[in-house]
Amino acid sequence: MTDIQGKRILLGLSGGIAAYKAAELTRLLTQAGAEVRVVMTEAACRFITPVTMQALSGNPVHTDLWDARVSNNMAHIELSRGCDAIVVAPASADFLAKLALGLCDDLLSTLCLARECRLLAAPAMNLQMWGNPATQRNLKQLRADGIAILGPASGDQACGEVGMGRMLEAEEIFEEIDACFQPRLLAGKRVLVTAGPTFEPIDTVRGIANTSSGKMGYAVARAARDAGAAVTLVSGPTALAAPRGLERIDVSSAQQMYDAVMARVAKADVFIGVAAVADYRPTEAKGHKLKKGTGEITLQLRPNPDILGTVATRRNAPFCVGFAAETENLEANADAKRRRKKVPLLAANLAQHAFGADDNQLILFDDQGRHELPRAPKIVLARALIAHIAKLLPKK
Ligand code: C5P
């Protein structure tokens with residue numbers, strides 16, 4: 001479940017080969033419960049047909065400023081009223097230029113000018129067109145006008161060149177649309193998040209790890225970013241792509257995670273330790289691959305530094321949030337852990353349900369007591385956690 005459920009999205013397509021991604025975006029939006037209306041420029045219709053977009057959106061597609069199907073023949077007004085967001089994807093260099101100047105010589109540009117709602121644009125163009133000073137000038141103007149520019153990304157382009165100008169993937173645009181509906185509860189705050197497992201080397205090829213996937217920590221980082229915070233994510237080894245628009249620091253061992261956090265914590269307003277940090281590491285990591293023998297061997301371990309505990313007891317500590325993954329006696333253990341670590345808020349979950357899964361269930365413990373967040377996708381829980389943190393943050 002996302003906040004896109006029940007939203008009315010007007011999806012505009014201008015001309016570009018990336019128009020095929022708009023088909024997938026439409027599917028994602030309708031599956032998430034949005035009402036999607038599609039408007040296409042004449043050039044867009046050369047790349048993908050209105051029939052495809054009609055079938056996927058379940059609504060007639062509009063292409064013409066002069067549309068007799070609209071009772072008052074003012075399609076631009078009719079369509080732009082009552083929608084929660086207009087998303088132009090792909091937004092060509094020409095379309096961005098038009099938007100920047102306020103030109104309105106077709107249906108899509110006219111309804112953008114007549115809009116009352118927010119406007120998001122996902123640029124898609126060749127790298128030279130993207131880098132051209134005229135395009136950059138237009139983008140500056142569009143941002144100043146409050147238009148959200150999504151991407152673009154860098155990579156292979158349809159023209160055979162490689163560089164900046166590739167439209168974001170449908171999934172990424174979907175996430176940005178979802179994000180634009182989030183309340184900016186942490187605007188102006190700096191949030192430091194740890195996520196994922198750690199890896200404690202035994203020798204050059206082996207180590208001690210755990211089954212944390214990083215999904216909960218990444219969801220928390222994304223939710224904090226969507227709430228308007230500047231986010232730094234210190235991540236142990238995971239297979240996940242970093243959410244866009246935040247700083248990601250990759251680490252491997254608990255000591256590296258500790259060092260990365262300590263180097264940044266002084267600037268943080270909030271620290272959220274979601275990582276499953278190894279409590280112990282081998283006393284000595286061998287500099288070569290250990291040879292197999294016949295007898296038993298003993299691995300000597302020494303404790304790792306407690307990152308959360310160290311941050312929480314600093315002078316001028318940020319607002320600290322811990323996670324507790326327990327396998328039994330969840331509530332008693334979690335509450336005791338909150339007091340021991342001296343953190344104002346602790347989120348507890350059952351490790352056997354949480355590790356690796358897409359859903360989770362959390363119980364939050366704070367000075368007021370316990371607050372249960374029922375089973376839901378991790379991003380939904382992460383958003384609820386961020387809202388809870390925003391309520392507890394000291395008011396300045
Ligand atoms: O004591 P326990 O490992 O169960 O505590 C879990 C919480 O402490 C999590 O928030 C985790 O990220 C954090 N932690 C840490 N450094 C450690 C161990 C745990 O920051 N060495």
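Keep in mind that this is a model prediction, so the values were computed, not measured. In listed order, ligands and their atoms are each counted from 1.
Remark: distances from the non-hydrogen atoms of G309 to ligand 1 are all 4.0 Å or more. Taking 4.0 Å as the cut-off, A324 does not count as a neighbour of ligand 1 on heavy-atom distance. The shell of residues lying under 4.0 angstrom from ligand 1, judged by heavy atoms, includes K341.
Between V321 and ligand 1, not a single N/O pair is under 3.5 Å apart. Backbone and side-chain nitrogen or oxygen atoms of R340 are examined, and none is located within less than 3.5 angstrom of a nitrogen or oxygen of ligand 1.
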Going through the distances and angles, do V36 and R8 end up as a side chain to side chain contact (heavy atoms under 4.5 Å, CB included)? CA-CA 6 Å; V36 182; R8 294 187 56 175; over 6 Å; no
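Side-chain contact of D259 with Q255: a donor-acceptor pair under 3.5 Å is present, judged by distance alone.
Using a 4.0 Å cut-off between a side-chain N of Lys or Arg and a carboxylate O of Asp or Glu, D269 and R190 qualify as a salt bridge.
No more than 12 heavy-atom neighbours from other residues, nucleotides or ligands sit within 6.0 angstrom of CD on E42.
Scanning all protein heavy atoms for the shortest distance to atom 9 (C) of ligand 1 gives F323 O, 2.9 Å. The protein non-hydrogen atom at the shortest distance from atom 13 (C) of ligand 1 is L308 CB, 3.8 Å.
Annotation: side chain of M216 is in contact with side chain of F323 (closest heavy-atom distance under 4.5 Å).
When the heavy-atom distances from atom 11 (C) of ligand 1 to A275, C320, G217 are ranked, the shortest goes to A275.
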